[in-house]
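Report on the following structure.
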Amino acid sequence: QVQLVESGGGSVQAGGSLRLSCVVSGYIISKTCMGWFRQAPGKEREGVAAIDSNANTRDAASVKGRFTISQGNAENTLYLEMNSLKPEETATYYCAANVGLTYCRTFYWSRADDYNSWGQGTQVTVSS
């Protein structure tokens, strides 16, 4: 059974930084496509970044140059470094795994329905 547990959320002022972590058990993250998503109240869940088994990464246009996805293979943990945060990025952030797929599909990596395992989420609040 795959389990994903996020942490690292919190409250920051605009322009601040946070580092999210997602500890995974039951599967080796370096063998699959892993992603970070976020969902604000009343909005759809959107893909933020993804990384595959070869450490190739994909980022949403809105976070390029500010967010960095990475993975610590020894600790089987996924990370999301977020810099220059904006108030509109206030949301619950989720990590997800596409267990069984070693690459992140080009046109689908940012779609929530392309992933089959999810964490419970961690809240990020950015104040102006």
Side-chain angles (χ1 to χ4, degrees):
Q1 182 180 0
V2 180
Q3 289 188 322
L4 299 84
V5 180
E6 303 96 333
S7 63
S11 297
V12 296
Q13 289 191 328
S17 299
L18 283 173
R19 189 192 196 202
L20 305 183
S21 299
C22 174
V23 178
V24 181
S25 59
Y27 201 80
I28 300 174
I29 65 171
S30 62
K31 292 186 176 182
T32 195
C33 174
M34 299 289 300
W36 282 101
F37 286 74
R38 63 189 178 191
Q39 187 168 21
K43 295 190 176 181
E44 291 189 356
R45 192 168 295 191
E46 63 170 343
V48 174
I51 186 168
D52 68 15
S53 61
N54 290 319
N56 298 310
T57 61
R58 300 181 185 274
D59 306 294
S62 60
V63 306
K64 276 191 184 298
R66 299 187 298 118
F67 289 16
T68 303
I69 188 172
S70 62
Q71 55 190 29
N73 293 336
E75 57 270 38
N76 214 44
T77 300
L78 184 71
Y79 301 101
L80 184 68
E81 185 77 34
M82 306 186 294
N83 298 311
S84 301
L85 282 160
K86 304 175 182 179
E88 56 265 37
E89 294 178 314
T90 293
T92 300
Y93 284 69
Y94 300 88
C95 71
N98 194 339
V99 175
L101 199 63
T102 59
Y103 64 96
C104 299
R105 302 198 293 169
T106 300
F107 299 108
Y108 297 92
W109 71 266
S110 60
R111 289 178 49 166
D113 59 6
D114 211 45
Y115 295 77
N116 48 34
S117 296
W118 291 85
Q120 82 291 345
T122 186
Q123 178 67 35
V124 172
T125 302
V126 186
S127 58
S128 57

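Residue numbers run from 1 in the order of the sequence given. For the numbers below, each heavy atom of this structure counts, side chains included, while hydrogens, waters and symmetry mates do not.
Nearest heavy atom pair, residue A97 against residue M34, reads CB-SD, 3.5 Å.
The shortest side-chain heavy-atom distance between F67 and S62 does not fall under the 4.5 Å cut-off. Looking at E89 and R66, their side chains come closer than 4.5 Å, going by heavy atoms from C-beta outward. In this structure, R58 and T106 have side chains that are in contact, with non-hydrogen atoms separated by less than 4.5 Å.
With rounding to the nearest 0.5 Å, the separation of CD in Q71 from SG in C22 is 11.0 Å. Atom-to-atom distance recorded for I51:CD1 and W109:CH2 is 12.0 Å, nearest 0.5 angstrom.
Heavy atoms from other residues, nucleotides or ligands lying under 6.0 Å from NZ of K64 number more than 12. By the 6.0 Å contact criterion, OH on Y79 is enclosed, its count of non-hydrogen atoms from other residues, nucleotides or ligands being greater than 12.
A donor-acceptor pair is defined here as one N or O able to donate and one able to accept, closer than 3.5 Å; no such pair exists between the side chain of S110 and the backbone of G47.
Screening residues 8-32 for side chain to side chain donor-acceptor pair (under 3.5 Å), with sequence neighbours left out, gives S17-N83.
Ring geometry, W118 versus Y94: the interplanar angle exceeds 60°, so the pair is classed perpendicular (tilted spans 30 to 60°).
When the side chains of ILVMFWY residues are joined at heavy-atom separations under 4.5 Å, either directly or via intervening members, V2 and L78 end up in a single hydrophobic cluster. Both V12 and V63 sit in one connected hydrophobic cluster of ILVMFWY residues. Membership requires side-chain heavy atoms under 4.5 Å apart, directly or through other members. Placement of V48 and M82 within a single hydrophobic cluster is found when ILVMFWY residues are connected by side-chain heavy-atom separations under 4.5 Å, directly or transitively. Tracing side-chain contacts under 4.5 Å through hydrophobic residues (I, L, V, M, F, W, Y), one reaches W36 starting from L85; they form part of the same cluster.
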